[in-house]
Each structure stands twice: as structure tokens, then as C-alpha cells.
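Accompanying notes for the structure given below.
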Amino acid sequence: MKKLVNDPAAVVDEMLDGMVAAYPEELRRVEDTKVLVRTAAPVDDKVAVVSGGGSGHEPSHAGFLGEGMLDGAAAGEVFTSPTADELSEMIQACDAGAGVVCVVKNYEGDVMNFETAAEMAEMEGVDVELVVVDDDVAVEDSTYTSGRRGVCGTIFVHKVAGAAAERGGDLREVRRVAEKVTDNVGTMGIALTSCATPEKGEPTFDLGEDEIELGIGIHGEPGVERTGVMDADDVATKLTAAVLDDVEPEGTVATIVNGMGGTPLSELFVVNRAVQEFLAEEGLETWDARVGEYMTSLEMAGCSITVLDLDDELTDLLSDPANTPAFTV
Amino acid sequence: MASRETEREAILEAVDRIAARIESEKQHLADLDSAIGDADHGANLDRGFQAVVEKIEQKDDAETQELVKTAGMALISKVGGASGPLYGGSCMHASQELEDGITAETTVAFAEAYLEKLRDRGGAEVGDKTMVDALTPAVHTYKKSIEVDELPPLEALAKAVDAAERGVEFTVPLKAAKGRASYLGWRSVGHQDPGATSTLLILEELLATAQVYLDGNVDVTAASPTIPDEDVENQGE
């Protein structure tokens with residue numbers, strides 16, 4: 001598979017420098033690490049909200065750095081958790097004395113390294129809280145996780161926790177609203193093609209020209225069902241129905257139709273049209289419908305659908321300003 | 001154990017031996033891991049222990065506790081994945097028990113703290129087909145040998161290594177319930193767990209070090225199974 005890379009081992013390092021070059025006003029790199037922080041970090045008196053994980057999911061995570069969302073984002077190697085010492089550096093670089101909330105996707109390596117990093121930072125006197133996101137409704141346990149995977153619903157956690165922190169909420173308050181999102185959000189994805197990591201350079205899994213896979217993760221890990229090709233409306237309906245079964249929203253929702261990296265926006269909009277029609281038929285009102293690439297899987301074609309059940313508090317926090325490279329309000 | 005200087009020498013020898021052993025068994029660990037994981041366990045641990053040797057050699061004046069904590073930190077920063085926090089985080093955490101240096105009592109406390117952190121962090125129990133299957137019987141055997149049977153530490157450690165070896169064998173028929181191998185379900189049956197195996201390798205090298213540094217006048221009934229002569233010659237300080 002053709003790739004625009006130099007040395008596969010240098011991809012993450014070179015990507016980070018390229019991101020800072022693209023957003024010099026918003027992002028800066030913590031020296032000698034693969035950690036990016038918003039330029040203003042640490043922000044006086046504010047609880048910091050940080051995230052991180054393997055690379056290959058761009059714009060996650062550094063794309064959400066900025067006012068109203070994340071203070072820090074640690075980039076691991078491609079599809080590999082950042083190490084605990086890098087995460088600890090990030091936590092300490094972003095702490096202004098009010099504590100740090102870490103938004104962690106439920107993957108074993110991510111959770112263990114964040115837990116260890118939290119201990120290390122706590123030894124240095126930083127108050128740290130972990131919020132683990134497990135929004136993937138497709139599987140109970142998976143290749144890399146005990147329990148459900150954390151995927152695109154993480155973006156809503158970043159937004160809501162970031163807004164609460166910007167308003168001056170304390171550590172417990174920011175954690176509370178972040179967990180409110182994780183309790184009320186669900187996501188399911190589909191793959192049309194495989195991804196290919198820079199190191200390996202060839203497809204991670206085999207998927208026939210006439211096949212698609214439902215319930216796929218964001219690292220090429222298996223889904224729950226392999227079927228023949230379906231059209232966009234059927235995919236949208238099937239994924240959305242599965243998410244609604246889990247989240248059971250009433251009234252108002254926010255949605256994300258997320259591209260996996262290899263699907264054009266036109267197709268994502270086609271899917272979104274069907275998602276919104278289906279939600280309306282179910283008697284739900286969409287307050288905010290996002291379409292684009294938020295949590296990708298290298299060049300895998302496909303999409304995921306995220307639904308967040310809203311109440312007044314979450315709606316309010318989602319409405320607050322956000323000014324980041326990949327998400328603005 | 002006598003002086004701080006002796007403890008430092010023993011720790012240096014132990015990490016040298018472990019690093020050399022992991023390096024020589026790198027391919028074996030990769031083969032075990034490729035059957036049920038992603039084949040990087042050997043390379044990750046090798047990179048980690050090379051870093052441990054380097055970091056510890058730089059720590060000239062450090063106390064025992066600080067040296068062991070440094071080893072844990074080096075593993076955390078170089079191993080990555082889930083193995084980094086499991087090996088490194090547990091080591092770093094347990095190093096607190098070595099404030100009074102290396103004695104029979106502090107090593108029991110270290111072993112127990114290490115195991116507790118490992119189980120807490122990884123969420124694995126005995127029978128899940130992980131390193132916990134090798135370490136749990138080893139730690140229990142060591143504690144019982146010291147506290148109940150009142151054996152000398154060297155003999156207790158030899159018995160612990162024996163128990164770990166049986167623990168590794170015990171993982172072969174198991175169906176993995178934790179870690180990447182768990183995705184394979186029944187396909188993981190019949191394979192020896194790489195994490196349990198590397199844990200045994202480390203314990204064997206700790207025993208080999210203890211044989212050099214503890215009073216040799218002990219009846220080691222459970223002789224160390226795999227310390228070939230050439231290894232000892234190569235590793236001498």
C-alpha cells in the first residue's frame with residue numbers, strides 16, 4: 001500500500017512537528033516528549049483536561065487542543081498507548097494547581113498507562129482524576145479491552161469536560177459532567193476496507209471487495225458481523241438502531257457521523273441524511289449534528305455513528321465556545 | 001545483606017543477568033507471543049531491560065530503594081503497551097518496601113506489594129493465562145517458606161522459582177481471559193503464556209544472583225533449572 005512517509009519509525013515525531021507548524025498559535029510541543037499542549041497551558045486556576053492515546057486516529061487527540069476543550073494531548077506510537085512517563089509529563093505540564101482530569105479511552109494499554117501516570121503525577125503533588133470512556137456498543141469485550149471500547153464518543157467528553165473546566169468548575173465537578181457524558185453516549189462503526197499501519201505497510205485484515213464489517217474498532221480489530229455490501233441508508237439505519245438500543249435516548253440528542261479516514265465527506269453526508277431521518281422517525285430531535293473526521297483509523301474506509309442523550313446541563317455545556325483546530329463552536 | 005555497597009552490586013548483577021537472559025530469549029518470547037499476541041513481548045522487554053541497565057549504572061550514590069524505583073521507571077518509559085505499567089509500575093510501587101534495604105522481611109513485603117499492584121492494575125486473577133499465574137504461586141511460596149517454614153532466603157527463593165515454573169506450565173491448557181490473547185478464546189489453549197514465561201526468566205536470574213550474594217552454605221533442594229555455565233561466566237562482574 002502506498003504511503004506518504006519517510007522513515008516509518010519517525011512518523012509520529014514528524015507528524016507532531018507538522019501539526020505545530022500548521023497551528024503555531026494554538027499548539028506547542030513539550031520539549032523532548034510526544035506531548036502537545038495548548039499554547040496557554042497551564043491555564044491559571046483552571047482544572048486541566050487532557051487526553052491521549054495511540055497515533056493514527058487524527059485529528060484525535062491534539063486536534064481538540066484549545067480553549068473550551070483539551071489542555072494537553074499525548075501521542076503514542078501508531079495504535080500504541082503513550083508510555084506512563086510521557087503521560088505523567090503531560091499531566092504535570094498542564095496542571096495549574098487545580099488538578100487534572102484525564103479522558104481515557106477504554107483500551108487496556110491506555111488505562112494502565114494513564115493509571116500509572118496518575119500515580120507518578122500524584123507523587124509530584126498533582127490531583128488527578130481519570131474518566132474512562134467506553135462508548136462502543138458493538139462488543140462487550142474485544143481484542144484489546146476488558147469491557148467496551150472507547151471510541152468517537154470521547155469527543156463529546158472532551159467538549160463537555162472542557163466547557164465545565166473553562167467555567168471554573170472544580171476537579172470533582174469536571175469529572176462529574178465528563179462521566180455524565182460517558183453514561184449517556186453510544187457509538188458503533190463499520191469498515192468498508194482495512195487500515196494499514198506505517199510500520200507494516202499492508203492491510204491489517206482482509207476484507208473482500210464485496211464485504212463490509214459491522215461493529216469494527218479503531219485499530220482494525222474485528223467487529224461483530226461481516227456481511228455483503230449494503231447501501232448507505234441501510235448502514236446508517238442499522239448502526240443508529242444499535243446505538244439507540246443501548247443509549248435509549250428520550251427527546252433531544254447530539255450526533256456525530258465520523259469518518260474513519262478513507263471515506264469522502266460526500267458519503268458521510270449521505271449517511272448523516274439517513275441518520276437524521278431515522279432519528280426523526282423514532283421521535284427524537286437532533287440538537288447538534290456533526291459530520292466529519294474526529295476519530296479515524298488511518299486510511300480505513302467506513303464510518304461510525306455516535307449518539308449522545310442530552311439534558312439541559314449537557315446541552316448548555318455543549319453550547320459553550322470551543323476554539324480548537326478540529327472542533328469549534 | 002551487609003552493606004549498601006553490596007546491595008548495589010547485587011542489584012547491578014541482577015539487572016545485568018536479567019537483561020542478558022531476556023536478550024538471549026527474545027526470539028523464544030516472540031515466538032510464544034506470536035501464537036497468541038502481537039509478537040512484540042520479547043523485543044519490548046529487551047528494550048526495557050537494556051534501559052534499566054543503563055539507568056542503574058548512572059546512579060552512583062543511590063540507595064537500594066531508589067535503584068529499584070529507577071528500574072521500574074526505566075521499564076515504564078521503554079516497554080510501553082500494557083507490559084510497561086505491569087512490570088515497571090509494579091516494580092516502582094513495590095520499591096517503597098525496600099526502604100530498609102534487602103532483608104528476608106523486606107523482600108517478602110516487596111514481592112507481595114509487586115503482586116498486589118500487578119493484579120490490581122491488570123485485573124487478572126490466577127487462571128486468566130497471564131503473568132499472574134507464574135507470580136502468584138512464587139510469591140505465596142516465598143512468603144510461606146520464610147515466615148512459616150523459616151527457611152533461609154536463598155532456599156525460599158529456589159522454592160519460589162520452582163512454583164513459578166509450575167505456574168508457567170499451568171498456563172498451557174488455559175483459555176486466556178485477559179490481555180490480547182483473550183480475543184483468541186479457545187485458540188489460545190495449548191500455548192504457553194509469554195508474560196508468565198518472562199516472569200519466570202526474571203525470577204530465575206534473581207535466584208542466580210542470590211546464589212552469588214547470599215551465603216552459599218544453604219541446601220538448595222530445588223536447584224535452579226536453567227543457568228547454564230557459560231551464562232554465569234559471561235555475566236560475572
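Quantities reported herein were computed from a predicted structural model and do not represent experimental measurements. In what follows, chains carry the letters A, B, and so on, assigned in the order in which the sequence lines appear, proteins first and then strands, with residues in each chain numbered from 1.
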| task | Would you indicate whether Glu116(B), at its atom CD, is surrounded by more than 12 heavy atoms from other residues, nucleotides or ligands within a distance under 6.0 Å? | result | no
| task | For atom CD of Gln58(B), decide whether the heavy atoms of other residues, nucleotides or ligands shown that lie under 6.0 angstrom number more than 12. | result | yes
| query | Which bit of Glu119(A) is near chain B, if near means a heavy-atom gap under 4.5 Å: side chain, backbone, both or neither? | reply | side chain
| message | Atom CG of residue position Asp61(B) - does it have more than 12 heavy atoms of other residues, nucleotides or ligands inside 6.0 Å? | response | no
| field | Rounded distance [0.5 Å steps], CE in Met92(B) versus CE in Met120(A) | value | 5.0 Å
| query | More than 12 non-hydrogen atoms from neighbouring residues, nucleotides or ligands closer than 6.0 Å to CD on Glu122(A), yes or no? | reply | yes
What pairs of donor and acceptor atoms, side-chain ones from residues 166-177 of chain B against any protein atom, are under 3.5 angstrom apart with sequence neighbours left out?
unit_1: Thr171(B); atom_1: OG1; unit_2: Val168(B); atom_2: O; d: 2.6
unit_1: Thr171(B); atom_1: OG1; unit_2: Asp193(B); atom_2: N; d: 3.1

| query | Does Glu99(B) CD have over 12 foreign heavy atoms under 6.0 Å away? | reply | no
| request: Please report the closest heavy-atom contact between Ile76(B) and Asp85(A), naming both atoms and the distance. | output: CG2-N, 3.7 Å
| query | When you measure from the side chain of Asn113(A) to the backbone N and O of Gly81(B), does any donor-acceptor pair fall under 3.5 Å? | reply | yes
| Once you round to the nearest 0.5 Å, how far does OG1 of Thr116(A) lie from CG of Leu75(B)? | 11.5 Å
| remark: With chain A, the option among Gly88(B), Ser77(B), Ala82(B) that has the most non-hydrogen atom pairs under 4.5 Å is Ser77(B)
| Hey, which of Glu115(A), Glu86(A), Met123(A) has the most heavy atom pairs under 4.5 Å with chain B? | Glu115(A)
| Taking C-beta and beyond as the side chain, do Lys78(B) and Thr83(A) meet within less than 4.5 Å on heavy atoms? | no
